[in-house]
Amino acid sequence: FNLNQANPTADPSAPYAPRRPFPFVDTGISYFNSAGNSEYHALQTRFQRRFSGGFTLLLNYTWGHGLGEASNANLGAQNNDSFRWYAHPEWEHANLDFDVRHRFVANYIWEVPVGQGKRFGANMPSGLNYVLGNWQISGITTISSGTWYTVTDGNGNFANSDGQQRPDAVPGQKASGKPCVPGTFFNTCAFTDPALGSFGNVGQNTVQGPGVQNWDLSLLKDVRFAEQRRVEFRAEFFNIANHANFLFAKPGPQNGNNSTVFGTPTFGYVTAARAPRLVQFGLKFYF
């Protein structure tokens, strides 16, 4: 590399001895390395009733706790996690972005015992059987606690650091406490600007985001006209309870989440939600 490329006034006869110092680069330099550690603790349970008597059921519950210094390869995420100072990644050892403390999932299938050849209405007329017989109900239920988010400070670069600026925690206040501003999701009064020259003492992923409660349901009916011909009707309901599953921000650009940035107008508020109730119908003819 010819230093004179950055110093046009240098003596051409001395290409590696410029007359003035090489320009100083004043910016952060990020790099990838394999330093750091993480751990995951979990309790996983499962209950299964195999298909019998027209009914099957599978229940899963997981208690988990993921801890570490980084959740991804410094590529950015809506959880706003990053290092305060790249020289000390160990400062950030805390909940990971994908840490879900509780998760329950149930799925089931029930062949309703009504219709010709069934427990109830075994001898019902064919016309009535086309309406009431051979129904099947199935569904998936998911109930999960929220993931974790890092609160950053958008009011200024108090530490002039090469990493992320965080606020300070207010003594006696907790983010999980009762919100001090009506309509906010967490207690925004638990944070304040740090002193000049400091990074802020709020750690990584100290705010738990909204959880998920979702019920999907499906109704299916077979109408047989002959041994090889039948019509299948299906009605599917996604989030049938129309439960509001809030999000801090809609999915989009990395680090595009101002709800956890102290000093922004949306700090502490949920600004998006998962899909509302959706209903779809289908009809198939088999021959």
Side-chain angles (χ1 to χ4, degrees), residues 42-64 78 98-147 183 185 208-252 269-287:
L43 168 68
Q44 299 177 345
T45 62
R46 170 176 172 150
F47 172 82
Q48 183 176 15
R49 184 188 190 278
R50 299 188 182 277
F51 195 82
S52 176
F55 181 71
T56 182
L57 174 68
L58 178 62
L59 305 177
N60 288 283
Y61 168 75
T62 300
W63 175 92
Q78 287 191 321
F98 45 81
D99 173 36
V100 175
R101 206 58 52 85
H102 303 280
R103 182 173 176 83
F104 171 80
V105 179
N107 63 75
Y108 50 89
I109 299 174
W110 181 39
E111 292 184 347
V112 181
V114 175
Q116 291 180 350
K118 303 289 185 178
R119 181 179 179 183
F120 302 101
N123 299 314
M124 70 170 53
S126 296
L128 189 59
N129 186 66
Y130 287 151
V131 178
L132 300 179
N134 300 315
W135 282 95
Q136 182 187 92
I137 300 174
S138 61
I140 299 176
T141 300
T142 303
I143 302 174
S144 174
S145 56
T147 55
F185 184 78
Q208 190 174 29
V212 176
Q213 184 183 138
N214 189 70
W215 300 72
D216 295 334
L217 186 70
S218 174
L219 300 177
L220 183 146
K221 177 177 174 55
D222 266 339
V223 179
R224 293 188 176 273
F225 297 99
E227 184 175 351
Q228 301 295 330
R229 290 180 295 174
R230 63 187 175 93
V231 171
E232 179 187 276
F233 168 77
R234 180 184 293 270
E236 296 175 322
F237 305 86
F238 302 95
N239 189 13
I240 188 172
N242 204 28
H243 181 78
N245 291 300
F246 293 111
L247 298 169
F248 279 138
K250 65 179 181 180
Y269 292 92
V270 291
T271 62
R274 300 177 189 271
R277 181 194 297 122
L278 297 174
V279 182
Q280 67 181 25
F281 301 97
L283 193 66
K284 290 183 180 180
F285 176 57
Y286 294 87
F287 60 92

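These numbers were taken from a predicted model, which means no experiment stands behind them. Nothing fancy with the numbering, it's 1 onward along the sequence.
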Checklist outcome for this item: Those residues at least two apart in sequence (or on a different chain) that pass side chain to side chain donor-acceptor pair (under 3.5 Å) with R50 are none
Scan the side chains in residues 106-113 for donor-acceptor partners under 3.5 Å anywhere in the protein, sequence neighbours excluded, and list what turns up.
none

Next on the checklist: Can a side-chain donor-acceptor contact be found between Q44 and R46 if the only test is distance below 3.5 angstrom?
Outcome noted: no
Item to check | salt bridge (Lys or Arg N to Asp or Glu O under 4.0 Å) pairs, two or more places apart, involving residues 208-226 | outcome: D222-R230
Next on the checklist: Do F237 and W215 have side chains that approach each other closer than 4.5 Å (heavy atoms only, starting at C-beta)?
Outcome noted: no
Considering only distance and modelled atom types, tabulate donor-acceptor pairs under 3.5 Å from the side chains of residues 120-144, sequence neighbours left out.
{"residue": "S126", "atom": "OG", "partner": "Q116", "partner atom": "NE2", "Å": "3.4"}
{"residue": "N129", "atom": "OD1", "partner": "Q116", "partner atom": "N", "Å": "2.9"}
{"residue": "W135", "atom": "NE1", "partner": "V131", "partner atom": "O", "Å": "2.9"}

Item to check | Sidechain-backbone polar pair: Q208 side chain, G146 backbone, donor-acceptor under 3.5 Å | outcome: yes
Item to check | R103, CZ atom: more than 12 neighbouring heavy atoms under 6.0 Å | outcome: no
Report, one line per pair, each donor and acceptor closer than 3.5 Å where one atom sits in a side chain of residues 238-249; sequence neighbours left out.
{"residue": "N239", "atom": "OD1", "partner": "N242", "partner atom": "N", "Å": "3.4"}
{"residue": "N239", "atom": "OD1", "partner": "H243", "partner atom": "N", "Å": "3.1"}
{"residue": "N239", "atom": "ND2", "partner": "H243", "partner atom": "O", "Å": "3.1"}
{"residue": "N239", "atom": "ND2", "partner": "A275", "partner atom": "O", "Å": "3.3"}
{"residue": "N242", "atom": "OD1", "partner": "R277", "partner atom": "N", "Å": "2.9"}
{"residue": "N245", "atom": "OD1", "partner": "Q213", "partner atom": "N", "Å": "2.8"}
{"residue": "N245", "atom": "ND2", "partner": "Q213", "partner atom": "O", "Å": "3.1"}

Next on the checklist: Show the nearest heavy-atom pair for residues P210 and V270, with the distance to one decimal.
Outcome noted: CG-CG1, 4.0 Å
Checklist entry - Which pair of heavy atoms, one from K250 and one from A272, lies closest together, and at what distance? => result N-CB, 3.4 Å
Checklist outcome for this item: Rounded to the nearest 0.5 angstrom, the CZ-CZ distance for R229 and F285 is 6.0 Å
Identify all side-chain donor-acceptor contacts of residues 51-64 below 3.5 Å with residues at least two apart in sequence or on another chain.
{"residue": "T56", "atom": "OG1", "partner": "R49", "partner atom": "O", "Å": "2.9"}
{"residue": "Y61", "atom": "OH", "partner": "H102", "partner atom": "ND1", "Å": "2.7"}

